[in-house]
Structures are given as structure tokens and as C-alpha cells.
Peer 1: 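A single structure is presented below for examination.
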2 protein chains.
Amino acid sequence: MLISTKGRYALRILVDMAEHQSEGYITLQEVAGRQDISEKYLESIVRELVKGGIVSGQRGKGGGYRLCRPPEKIKVGDILRCTEGSLAPVACLMEGSVPCARTARCRTLEFWKGLDEAIRRYTDGYTIADMMQSGGDGDDYII
Amino acid sequence: MLISTKGRYALRILVDMAEHQSEGYITLQEVAGRQDISEKYLESIVRELVKGGIVSGQRGKGGGYRLCRPPEKIKVGDILRCTEGSLAPVACLMEGSVPCARTARCRTLEFWKGLDEAIRRYTDGYTIADMMQSGGDGDDYII
DNA sequence: CTAATTCCTATTATAATCGCAGGAAAATAG
DNA sequence: CTATTTTCCTGCGATTATAATAGGAATTAG
């Protein structure tokens with residue numbers, strides 16, 4: 001049931017980019033340095049976010065990435081669906097799945113639909129902007 | 001993010017057992033036949049449910065399994081935590097995990113806590129008895 | 001004793017995740 | 001035009017998790 005590192009890192013990356021969006025295009029090197037994630041692994045995650053229309057990339061000198069929309073319009077649900085493929089708890093409820101033979105007499109389907117709905121409601125009600133106001137000022141290390 | 005077959009089958013198994021609880025001990029052979037799951041695989045799932053105190057087994061001739069509590073007292077959350085190990089969406093929130101070094105300045109932790117809470121609230125508010133009243137009478141095949 | 005049944009310990013095959021490497025393509029600066 | 005920087009693309013290797021099966025020990029009823 002765990003969310004993969006891809007999804008978890010994606011959130012951190014986007015909050016990081018949101019916090020530095022005034023600086024124009026942000027390079028992966030910067031984000032990698034700040035977030036302690038390898039540049040190469042970041043690449044594979046950010047590529048999904050580009051495909052999903054959440055960030056856009058600009059190649060060449062002076063290039064980098066930037067958010068396509070302001071942070072308060074980026075839903076966490078969209079990010080996770082983008083990097084995880086889907087947030088549905090069971091295959092029956094994934095986008096574009098065909099109903100299985102048991103559907104009509106399935107005792108568990110209603111439960112799964114409700115869980116899917118609960119997850120969707122929560123994740124779509126939370127934005128990157130909400131995350132920016134959470135968890136200290138970024139410099140208050142414990143140690 | 002998908003729930004594994006272990007968790008999904010566990011729900012079907014328990015609904016099945018609840019529907020036949022008046023018959024006393026229920027053998028895996030019966031459940032396997034009705035649910036179209038191999039007896040051997042069922043075994044590994046039911047073993048977890050025994051450990052988790054959800055069903056109890058009786059060996060020998062005339063033995064089998066039965067629910068430890070009435071269906072309306074068996075929360076789906078308990079079943080899934082039992083078979084999946086945990087329902088937490090991130091490792092930080094798993095039972096008995098040590099807080100990571102980023103905790104104090106983590107921008108995403110609050111979000112994950114909320115998601116965990118939403119999942120917990122929904123799954124703990126749903127019981128096997130609720131499932132028994134869902135999805136037709138068990139004989140209304142589509143075909 | 002015999003048959004039925006749960007319990008226990010392994011093992012295998014398959015798939016998914018995680019992370020890295022190498023280089024092509026594009027944009028800019030000089 | 002050349003050199004540099006940066007995203008883009010393809011693919012690989014290691015590790016881990018899932019799914020399912022196999023074989024037999026322990027227990028109970030008759």
C-alpha cells in the first residue's frame with residue numbers, strides 16, 4: 001500500500017521548485033543538491049511531471065524547469081496519479097479497466113469505491129501551496 | 001498503491017465465512033471452491049488472520065475456521081492491516097517506525113498524516129457486516 | 001488406526017521498484 | 001561556428017515484493 005519513492009520525491013521536488021519559482025528556471029542540479037536526491041534519479045521523476053503537464057522544461061544554457069501553474073492550483077492528487085500511474089486501491093477501479101466477471105455480485109466493490117473516493121477527495125483537496133506552509137522554515141534542523 | 005491480492009482475498013474469504021457461519025467450522029476446501037482461489041494460497045492468507053485474532057482454526061476431522069467475533073464487529077481496517085502489514089502510505093507512519101532526520105522540517109509529513117487518517121477513518125468505519133449487504137444476492141450472475 | 005484438517009517451513013517464478021549510465025538534442029553565450 | 005550547459009531519451013542491473021505452490025508435521029474425531 002506504500003506510495004513509491006517516485007511519488008514521495010515528486011512532492012518534495014515540486015515544493016522545492018515552488019519555493020524557488022521567483023528565480024526563473026530551476027535546474028535539476030540545484031534541486032538535487034537541496035533535496036539530497038541523485039540528479040539522475042530526479043530526471044526520471046521530473047520527466048513524468050513534464051508529460052503530466054505539471055512542470056515544463058527548457059533546454060540549454062540558462063534552462064531548467066518551472067511550474068506550469070501557481071502552487072495553489074497544483075493538486076497533490078494530480079501529482080501522485082502522474083507519478084504512480086494511478087491512485088486506485090484495486091485494479092478494477094483503475095482508469096480504463098474493464099469490469100471483471102464478478103462485478104455484479106461482488107461484495108467488496110462498494111467498499112473499494114468508497115476508499116478510492118476518500119483518497120481522491122483528500123488528495124485533490126490538498127495543494128503544493130498547502131505544503132509550503134507546513135513543517136518549519138526549512139532551516140530548523142533538529143541537530 | 002494497489003492493495004495486494006492477499007488483502008483483497010482476505011475480505012472475500014471473511015465475507016464468505018460470515019455468510020456460512022451458522023454451519024459451524026468452515027473448511028478451506030469449501031471456501032476455496034466457492035471463491036475460486038487455490039486452497040494452498042488461501043492457507044497462507046488465513047494463517048495471518050488467525051495470528052491477527054480475526055478467525056480461529058480447529059484442526060482435525062470436523063475442524064475448520066470460524067470468525068472470532070460477529071461480522072459487525074470486524075473492521076475492514078483491522079483485516080487489511082493484518083494482511084498488508086500496514087495501511088500507512090509512507091514508511092514514516094508505519095507502526096514502530098523511527099522518525100527520520102527530516103521530520104522537523106518536512107513539508108510533506110502533514111499531508112501524509114492526513115491521508116493516513118482519512119484511510120484509517122474510512123476503513124475502520126466499514127465492517128464485514130456492511131459488505132454482506134452489498135452486491136446482489138450472490139446468485140445473480142450477469143451471464 | 002485412519003481420514004480429515006489445520007499448521008509450518010520452504011521454494012520458485014514473475015514482476016515492480018530503485019537507481020544509475022551514456023549519450024543525443026537543443027539552446028545560449030561568446 | 002564552437003563550447004558549454006541543460007533537458008531529453010533509452011536502456012540496464014540490482015534488489016525487493018508479490019503470488020502461488022509443495023511437502024510434510026501436528027492434531028482431532030470416529
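Below, chains carry the letters A, B, ... as their sequence lines are ordered, and counting in each starts from 1.
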Peer 1: Can you say whether the rings of B/Tyr41 and B/Tyr9 are parallel (under 30°), tilted (30 to 60°) or perpendicular (over 60°)?
Peer 2: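 Ring orientation, 0 to 90° scale: perpendicular.
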Peer 1: To the closest 0.5 Å, what do you measure between CD1 (B/Ile128) and NZ (B/Lys73)?
Peer 2: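 It is 15.0 Å, given to the nearest 0.5 Å.
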Peer 1: Quick one: on DNA chain D, does A/Met1 or A/Arg47 contact a more 5' nucleotide (nearest heavy atom)?
Peer 2: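 The residue whose closest nucleotide sits nearer the 5' end is A/Arg47.
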Peer 1: At less than 4.0 Å, is any side-chain N or O atom of A/Ser4 found next to OP1 or OP2 of C/dT17? Yes or no.
Peer 2: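 Negative; the distance criterion is not met.
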Peer 1: Just checking B/Tyr65: base, sugar-phosphate only, or nothing, at a heavy-atom cut-off of under 4.0 Å?
Peer 2: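 Counting heavy atoms under 4.0 Å across all strands, the contact made by B/Tyr65 is with sugar-phosphate only.
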Peer 1: Which part of the nucleic acid, if any, lies within contact of B/Gln29, taking any heavy atom under 4.0 Å across all strands shown: a base, the sugar-phosphate backbone alone, or nothing?
Peer 2: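 Since only primed, P, OP1 and OP2 atoms lie under 4.0 Å of B/Gln29, the category is sugar-phosphate.
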Peer 1: Between atom OH in A/Tyr25 and atom P in C/dA27, what is the gap in whole Å?
Peer 2: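 Value for this atom pair: 11 Å.
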Peer 1: Before accepting this row, confirm whether a basic side-chain N of the pair A/Asp116/A/Arg120 lies closer than 4.0 Å to the acidic partner's carboxylate O.
Peer 2: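 So A/Asp116 pairs with A/Arg120 through a salt bridge.
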Peer 1: Nearest-Å distance, CD (B/Glu84) to C1' (D/dA17)?
Peer 2: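 One finds 12 Å between C1' of D/dA17 and CD of B/Glu84, rounded.
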Peer 1: Quick check: closest heavy atoms across B/Glu110 and A/Tyr122, and the distance to 0.1 Å?
Peer 2: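 Nearest heavy atoms, B/Glu110 then A/Tyr122: O-OH, 3.8 Å.
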Peer 1: To the nearest Å, give me how far apart OH (B/Tyr41) and P (C/dA13) are.
Peer 2: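 Rounded to whole Å, this separation is 17 Å.
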Peer 1: Hey, are B/Arg81 and B/Asp78 close enough for a salt bridge, meaning a charged N less than 4.0 Å from a carboxylate O?
Peer 2: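 Looking at B/Arg81 and B/Asp78, the cut-off is met.
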Peer 1: Whether B/Ser38 contacts D/dA20 is assessed here as follows: a side-chain N or O lying under 4.0 Å from the phosphate OP1 or OP2. Is that the case?
Peer 2: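 No, outside the criterion.
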Peer 1: Could you state the NZ-P distance from B/Lys61 to D/dT27, rounded to the nearest angstrom?
Peer 2: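 Those two atoms, NZ and P, are 19 Å apart.
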Peer 1: In whole Å, what is the span from the CD atom of A/Glu39 to the P atom of D/dC8?
Peer 2: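 It works out to 13 Å between those atoms.
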Peer 1: Can you check the A/Arg59 CZ to D/dC8 C1' distance for me, whole Å?
Peer 2: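 Whole-Å distance recorded here is 5 Å.
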Peer 1: Check the distance between C/dA26's P and A/Gln58's CD and give it to me in whole angstrom.
Peer 2: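 Taking CD of A/Gln58 and P of C/dA26, I get 12 Å after rounding.
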Peer 1: Starting at CD of B/Glu48 and ending at C1' of D/dA19, how long is that distance when rounded to a whole Å?
Peer 2: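 After rounding, the reported distance stands at 14 Å.
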Peer 1: State whether the distance check finds a donor on one side and an acceptor on the other, under 3.5 Å, for side chain B/Lys40 versus base D/dG23.
Peer 2: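 Under the 3.5 Å cut-off, the side chain and the base do form a donor-acceptor pair.
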Peer 1: Could you tell me whether the phosphate oxygens of C/dG19, OP1 or OP2, come under 4.0 Å of any side-chain nitrogen or oxygen in A/Thr5?
Peer 2: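 Affirmative; the distance criterion is met.
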Peer 1: May I ask you to say what B/Glu43 touches in the nucleic acid, namely base, sugar-phosphate or nothing, with a heavy-atom cut-off under 4.0 Å?
Peer 2: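 Base contact.
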Peer 1: Give B/Gly57 one of three labels, base, sugar-phosphate or nothing, depending on what nucleic acid heavy atoms sit under 4.0 Å from its own.
Peer 2: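 Counting heavy atoms under 4.0 Å across all strands, the contact made by B/Gly57 is with sugar-phosphate only.
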